[in-house]
Amino acid sequence: MSKIPDLHKKVLAQAKSANLGKYVWECGIGPQMGYSFSVIHALAYSFVGMQTLYLATHFNPIYWNTACLIVNSGSLENSAEEEQESQPETATKTKKVISTDYAKIARAIGSIQRAGIKIGLVNINKSQFGFIPDVENNQILFGLKGMLHVSDDAVKAIIENRPYTSIKDFINKVSPKKQTMISLIKGGAFDNFLDRKLAMGWYLWETCDKKSSITLQNLPALIKYQLLPDTAESKLAFKIYEFTRYLKSKCKFDDKYYHLDSRAINFLESNNLEDYILVIDQHCLISIKEWNKVYQFYTNYFKKWINDNHALVKDTLNKKIFKDDWDRYASGNISSWEMEVLCFYYHDHELKNINTKKYGLINYFDLPEQAVIESTSKWQGREIPKYKISKICGTCVAKNKAKSIVSLLTTEGVVEIKFSKEFFAMYDKKISQKRPDGTKQVIETSWFDRGSMIAVQGYRRDDNFIPKKYSSTGGHLLYKIDKVYDNGDLELRSTRLVGDTEEDE
């Protein structure tokens, strides 16, 4: 124990030699202490305090801010997991999978950005599992681990196969899954090689289900994209094609005949084909062999049309197929891409240029921590306050179903919105409709899914925003922002689509 004071003196001496003497009182290691505290405990933390002070004073601030971002985003948990994997002799038999906490990341990044620190996009040749300092560009690089659809195995493969000279070089070395590749493009991982939109267009064109040649086997696709010629012959040939599909799926009797139901009979009669109907033992049948001749005759029309216009038909069909992939994987703008896969905006927030005055929107961080009481009323002997109501808007980055909380990224930072349990459940459900074949089609997802933009009325309470409106307030409690126009106008919706509701996963 006698050595403790000597170590204490050494810490003070080191502080003075490093020009940090003015900070020693903040570390609790001055020659006099204002309260009773364990010397051993204080000494241990003193060393940590001196180290952090030294780093903050003598090194580029990017290092310190990267450390803060890692801690505040919860990335230390991921680092611990990676260290465990690198030391299998100390690892448990059951591998612990740590999911990314996007709400933590969004809050931590927002705090860093408000302090004027630049957060850079993912770089395919530089980014690591977590955030790292990029001193050369005076920024913090986003980590691969935090990206949507980029697994730990994918990150390891990316790091092990570096460097990459182009997008093609990356694909040849790593062979990424399609969703992983799309996320990397959206997150700006290849911006040093190619413009992001061009990179996405090139990749989707290379991977979409393009046709090298067109035959009758592609007729379903030509029908799907409505590419058949608009002529009377084409329309009749299409009817015969669809009717034959119906016969094969619903009317097969044996290897020789189709058994005609009322729908099939009506079709044949309405198209002057009733001569093919056979009545055998009071059953209306049609010879498969004879009908195949009819089918062949009409489909030869399509065969000739395809052969005569092969290049144009192929090119038009492939463009339609590519457009489908683009709509499926790449809709939205650069900012919405970044929100989807990174949970932060490197470029402008999608709501940055909206007409806030027109919609009565305010900055949450300008609100007092305790809401302003405009008036009070009495109910059952108690005074009920009426708060001043404000409206905020932003992009949903995370939700906590158990607590009915939505983390909303406004243009100024992340706000926690605490809904009532019932209201949260109402707008968190998926809406689906039944297709003609009986299967379900989701027509609207939860309003609180990551990337959804909403506007909410309410008041601030400490660090939360409480949704609230009065009969005199006007408008609705919650709005879904379906579209943001270039002139700053919003397309707002206060009601959900009509259909069957089901729990969101």
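Worth knowing before you read on, the calculation uses all heavy atoms, side chains too, and leaves out hydrogens, waters and symmetry mates.
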Before accepting this row, confirm whether a basic side-chain N of the pair [X]/[Y] lies closer than 4.0 Å to the acidic partner's carboxylate O.
{"X": "D428", "Y": "K399", "value": "yes"}
{"X": "D482", "Y": "K480", "value": "yes"}
{"X": "D169", "Y": "R162", "value": "no"}
{"X": "D254", "Y": "K252", "value": "no"}
{"X": "K320", "Y": "D324", "value": "no"}
{"X": "D152", "Y": "K156", "value": "no"}
{"X": "K186", "Y": "E340", "value": "yes"}
{"X": "D489", "Y": "K483", "value": "no"}
{"X": "R496", "Y": "E444", "value": "yes"}
{"X": "E416", "Y": "K403", "value": "no"}

Non-hydrogen side-chain atoms of [X] and [Y] separated by less than 4.5 Å:
{"X": "E242", "Y": "I240", "result": "no"}
{"X": "F322", "Y": "L204", "result": "yes"}
{"X": "K314", "Y": "N318", "result": "yes"}
{"X": "L278", "Y": "L260", "result": "no"}
{"X": "Y485", "Y": "E491", "result": "yes"}
{"X": "K289", "Y": "K256", "result": "no"}
{"X": "Y329", "Y": "K178", "result": "yes"}
{"X": "I417", "Y": "P467", "result": "yes"}

For a quick test of reading the model, state the closest non-hydrogen atom pair linking I140 to I112 and the distance between them. CD1-CG2, 4.4 Å
Please confirm whether the ring centroid of F344 lies under 6.0 Å from the ring centroid of F142. yes
Could you please spell out the steps behind the salt bridge (charged side-chain N to carboxylate O under 4.0 Å, His left out) verdict for K118 and D134? CA-CA 10 Å; K118 184 180 179 182; D134 180 9; over 6 Å; no
Of all residues at least two apart in sequence or in a different chain, which pass the salt bridge (Lys or Arg N to Asp or Glu O under 4.0 Å) check with E290? K293
Would R493 count as a cation-pi partner of Y479, with NZ or CZ less than 6.0 Å from the six-membered ring centre and within 45° of the ring normal? no
Looking at Y295, does the NZ or CZ of K248 lie under 6.0 angstrom from its six-membered ring centre and within 45 degrees of the ring axis? yes
Considering the options Y203, F193, Y164, which one meets the ring-ring contact (aromatic ring centres under 6.0 Å, His included) requirement together with F170? Y164
How are the rings of [X] and [Y] set relative to one another: parallel (under 30°), tilted (30 to 60°) or perpendicular (over 60°)?
{"X": "F423", "Y": "F419", "answer": "parallel"}
{"X": "F243", "Y": "F267", "answer": "parallel"}
{"X": "F424", "Y": "F448", "answer": "parallel"}

Go through the side-chain N and O atoms of Y301 and T231 and say whether any donor and acceptor fall under 3.5 Å apart. yes
Check whether E338 reaches the backbone of Y346 with its side chain - one donor and one acceptor, N or O, closer than 3.5 Å. yes
Side chain to side chain donor-acceptor pair (under 3.5 Å) between T244 and W291: does it pass, once the steps are laid out? CA-CA 8 Å; T244 304; W291 184 255; 3.0 Å; yes
Determine whether more than 12 heavy atoms belonging to other residues, nucleotides or ligands lie under 6.0 Å from atom [atom1] of [X].
{"X": "R114", "atom1": "CZ", "value": "yes"}
{"X": "Y246", "atom1": "OH", "value": "yes"}
{"X": "Q441", "atom1": "CD", "value": "yes"}
{"X": "D255", "atom1": "CG", "value": "no"}

